[in-house]
Structures are given as structure tokens and as C-alpha cells.
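Everything on this sheet refers to the single structure shown next.
Remember, it's 1-based here, ligands and their atoms both numbered in the order they're listed. Please read these numbers as outputs of a predicted model, since none were measured by experiment.
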Amino acid sequence: MSQPSKNVQAIRGMNDILPEQTGVWQQVEAAVRNVLAAYGYSEIRMPLLEKTELFKRSIGEVTDIVEKEMYTFDDRNGDSLTLRPEGTAGCVRACIEHGLLHNQTQRLWYMGPMFRHERPQKGRYRQFHQIGVEAFGMAGPDIDAEQILMTARLWKQLGLREVHLELNSLGTAAARAAYRDILVAYFSAHRERLDEDSQRRLGSNPLRILDSKNPDMQALIEAAPKLAEHLDTESQEHFAALRAMLDAAGVAYRVNPRLVRGLDYYGRTVFEWVTDRLGAQGTVCAGGRYDGLVEFLGGRPTPAFGFALGLERLIALLIDLGVHPQPETAHAYLVLVGAAAERQGPVLGERLRDAVPGLRLQVNCGGGSFKSQFKRADRSGAAWALILGDEEVANGRLGIKPLRGDAAQVSLSEAEAIARLRELLER
Ligand code: ATP
Ligand code: MG
């Protein structure tokens, strides 16, 4: 005999999105589609699984993601595969593979789950969702500005407040290499104040020390030499032009010299939208320029700019601000009392849905007393109960009663009921 066992639960850090929450998700997704379409971006969909090598090469071996966050396993053929921790690598791979970057520019977006084995906490999960946007073939600051303005428009459309824009420029690879030496000299002189992670990074990726979230190191990081003081001239000009465009468009920002981004392939512009309302996990959207990546992954040299938006954090903020929509419930619930009504209910439901565009109607299934059907009607969230009993069937009529307030039930012909429902839906 099999033993009764404990219920199987979801994997830690991987969340179900329940019916009461899907409304706000759909609202955000719809707003995103709308705004992206308004700028001429097209959707691309990539697999959730890629060869491990793709992420190792594109994200870089010495990053949090590749060092400790990837879900990597060997499949049945012994190939090493990884659940995508982010979308840029797969998007670039797809573009190269399908020749999407030959003599043309691309404006692309995608949406879906990403996987990182992090310590789950508020705003940080192991399966989370991103909207990713990538533009290829445009080297100037105009596309940087376009994407930042696009995110600002999205916030406006969603009614999102209390996010602010932070900007920085990382310069060219050469400028960063020179700065890297300066930084290594500075941190080496204070080696005893570095935590273990940062000591390791001093040899591998010292810029990432600036990104450390360890409070004990903040003073040291604050006093470190600034990249802005070591930028190459062209990057300075690029950054100034971007800032002028944002100023002209009236988008406020703060230049944050410590903004370096976690990923290796960024250069020149980096930006983040951050909020103080979500605790430590305050970055809602982050991105920047990554001109070197396409060539690095085997394509022709192609400038690129993109960002990723964390949906869980965005939605948590919308809920915190109270600007999320109420879940969409049924408009009406059809109560069926008696055998004849039960037989006719589903067909009547079809006629009503045909006749009243947009009507969300739940038809009672599984019988039940008048009282218990009204309880279900109430629980469905519907605004009105429609009642079909033996009498209504015999006379070709339909009862209608508001479920909120105490207005009385009225008896209408089917045509009148349809007219009434149309009218109620228009309000
Ligand atoms: P963090 O510094 O918070 O770890 P990151 O630099 O690793 O962020 P990106 O790789 O730039 O994040 O991802 C873009 C966005 O995706 C983040 O700004 C955030 O909104 C969201 N995000 C990243 N990791 C997670 C996660 N584990 N859970 C939920 N959202 C996440
Ligand atoms: Mg991270």
C-alpha cells in the first residue's frame, strides 16, 4: 500500500500567479504591448533553454549569474543546457542565427520567465518575469534616449509614480580598462576593508566591487575614483547628447557614477529606474548599451541598446501605490432552477453572449437550490443575477436582479433583457 504523503509544493522562489493577481499582470502586459507598438518594436520569442556556453560567453564567467545563479544541467545526450537567466543572450543568438542583423536595424522585445538560483526574498525570486527590449544597428545616443523615453511613457500609462531614473556612462572598453587599473590600485591600498567577494573580484572584475550591496563597504566605495573623470572624449559627447535629449523631453534623471550594472557586456550608457518603496530590491528596470556583444557571439560588429524590466517588482509597486486594477469578474450569473431551465441554460447563455458583445457571463453548472446558486452568484463577483426558472421557461421570460444593493427582481422578455444588459455594460 502506498503511504499517504505530504503534498508536493512548488519549488522555493517559484511562484504561482493566482487568479486574483492575473488581472494586474494582464493590465501591465497590455500596456507594454501598446507602448512598444507605439515605437515600432516587434515581438520575438526565444526558447527558455539554451546551451550553457551561450550564457558563459555572453554574460561573462565572473558575474553573479554565471558564477552562482544558473540552473544548469546535462540533458539526456550529455549536452550542458541552462534555463535562461536573462533574455539578451538568446535574443542576440537568434538574430545572428536568422540573419536579422544584415544591413538592417532591429527594434525587438520579448516577455517571459527567467531563472536564477538566488536567495528568495521580497522582489527576488528564482523564477521571475522580464520584459526585455533590444535595438540593434544604432550607435548614436538617439536610440538610448528613445528607449528611456519609452519606459517613461510606460510608467505614465500605468499611473506609476515614485520611480526615478539613474544614468551613467561606462565609456569605451579602452577607457574602462584604464579606469580598471586606477580602481585596482585604490582598492588594493584598502584591501583589509574589502569583503571576501570583493577581494576575489579585485583580481577578476574590480568594477563589480562598485556594485556591492554590502553596507560595510559603502564608505570605501563612495570615496573611490570616479569613472566619469576617466571617460574617453567620444563617450563624453555621447553622454552629453543623451542628457540633452532627456532634458529637452522633460525627463528628470540623476547621474549616478556608481551605476555599473552587473553584466560584463555593457559600455557607454547604463540606466536604471529605481524606487525607494520596495526595500533593497528597488531596481524596477535596467539596461544600457552593449555594442560589443553581437560581434563577440560571432555576428558582424553591431551596436546595440536594450533594457529589462522586472515584472514582479513593477507589479508590487503598482499594488503598493494602489494604482492596480481590480480583478475582472463576471458581469452576470445565470441561475437555473428546475429541469427545464437546466436544459435550456447553456443555450440561453450562448444567445446572450452573441447578443451582448463583451458580456462576461457565468452559467450555473451542477444544479443546486435557489439559495445555493445565489451564493455562488455572489461569490462570482457578478453585478447581476439572471434567473431562469420553470415559470420563465414557460413564458419565455428572464428574471434580472442586481446582486449589490437591494433593488427588486424584475421579469423581462429575452429581447428586453438583452437591451438591459447592453445598457448596463455601457455604463
Ligand atoms: P539585482 O542587482 O537586483 O540582482 P540584476 O542587475 O541582477 O538586479 P538584471 O539582470 O539587470 O538585474 O535584470 C533586470 C531586472 O530584472 C532587474 O532590475 C529586476 O527588476 C529584475 N530582476 C532581476 N533578478 C530578479 C529576481 N531574482 N527576481 C525578481 N526580479 C529580478
Ligand atoms: Mg542579480
Side-chain angles (χ1 to χ4, degrees), residues 10-15 17 21 25 28 32 55 58-60 62-71 82-92 109-134 147-148 151 154-155 158 160 162-168 170 197 201 205 207-215 221 256 258-266 269-290 293 304-320:
I11 297 165
R12 202 162 97 86
M14 303 205 179
N15 301 316
I17 300 172
Q21 301 161 331
W25 282 78
V28 169
V32 166
F55 300 115
S58 66
I59 299 171
V62 255
T63 55
D64 280 353
I65 293 181
V66 173
E67 276 179 344
K68 54 192 184 196
E69 296 175 357
M70 293 204 307
Y71 281 92
T82 295
L83 276 167
R84 64 180 188 190
E86 53 94 50
T88 303
C91 184
V92 170
W109 70 274
Y110 46 83
M111 164 153 58
M114 306 292 162
F115 304 86
R116 296 184 193 176
H117 196 274
E118 305 196 61
R119 194 169 66 78
Q121 54 197 289
K122 186 177 177 233
R124 193 176 291 288
Y125 308 102
R126 290 180 174 174
Q127 175 175 326
F128 61 99
H129 297 77
Q130 281 185 345
I131 284 159
V133 172
E134 321 284 355
Q147 288 193 15
I148 292 172
T151 51
L154 179 63
W155 309 151
L158 289 167
L160 190 77
E162 303 200 35
V163 280
H164 35 267
L165 176 62
E166 306 213 329
L167 276 188
N168 195 18
L170 302 180
D197 262 357
R201 284 191 179 128
N205 191 351
L207 254 72
R208 291 291 319 287
I209 299 176
L210 300 175
D211 202 20
S212 164
K213 298 188 172 76
N214 182 348
I221 291 171
N256 176 357
R258 287 177 47 191
L259 190 65
V260 292
R261 306 288 307 120
L263 307 180
D264 276 353
Y265 48 66
Y266 284 92
T269 312
V270 288
F271 75 99
E272 288 192 356
W273 285 97
V274 293
T275 179
D276 300 327
R277 290 186 76 121
L278 296 177
Q281 272 58 249
T283 304
V284 173
C285 174
R289 181 162 281 285
Y290 56 97
L293 183 63
F305 192 96
F307 67 83
L309 191 166
L311 279 172
E312 279 79 2
R313 293 184 195 176
L314 173 63
I315 286 167
L317 186 55
L318 287 172
I319 291 172
D320 192 49

Check: Heavy atom under 4.0 Å from ligand 1: found in E312's side chain, backbone, both, or neither?
Finding: neither
Notebook entry, point to check: Any idea which atoms of ligand 1 are less than 4.0 Å away from a heavy-atom of K213?
Noted result: 2 (O)
Next item on the list: Give the numbers and elements of all ligand 1 atoms closer than 4.0 Å to a heavy atom of V284.
Entry: 20 (O)
Check: Where do I209 and I221 come nearest, in terms of heavy atoms and distance?
Finding: O-CD1, 3.3 Å
Notebook entry, point to check: Checking E69 side chain against P85 main chain: does a donor-acceptor pair fall under 3.5 Å?
Noted result: no
Check: Going by the angle between their ring planes, with limits at 30° and 60°, are H117 and Y71 parallel, tilted or perpendicular?
Finding: perpendicular
Check: Heavy-atom distance to atom 5 (P) of ligand 1: which of R126, E86, R116 wins?
Finding: R116
Item checked: ligand 1 contact on Q130 by region, counting heavy-atom pairs under 4.0 Å -> side chain
Notebook entry, point to check: Can a non-hydrogen atom of E118 be found less than 4.0 Å from any atom of ligand 1?
Noted result: yes
Check: Just one of L309, I131, V133 clears the side-chain contact (heavy atoms from CB on, under 4.5 Å) bar with M111, so which one?
Finding: I131
Margin query: Check whether R126 reaches the backbone of E118 with its side chain - one donor and one acceptor, N or O, closer than 3.5 Å.
Written below: yes
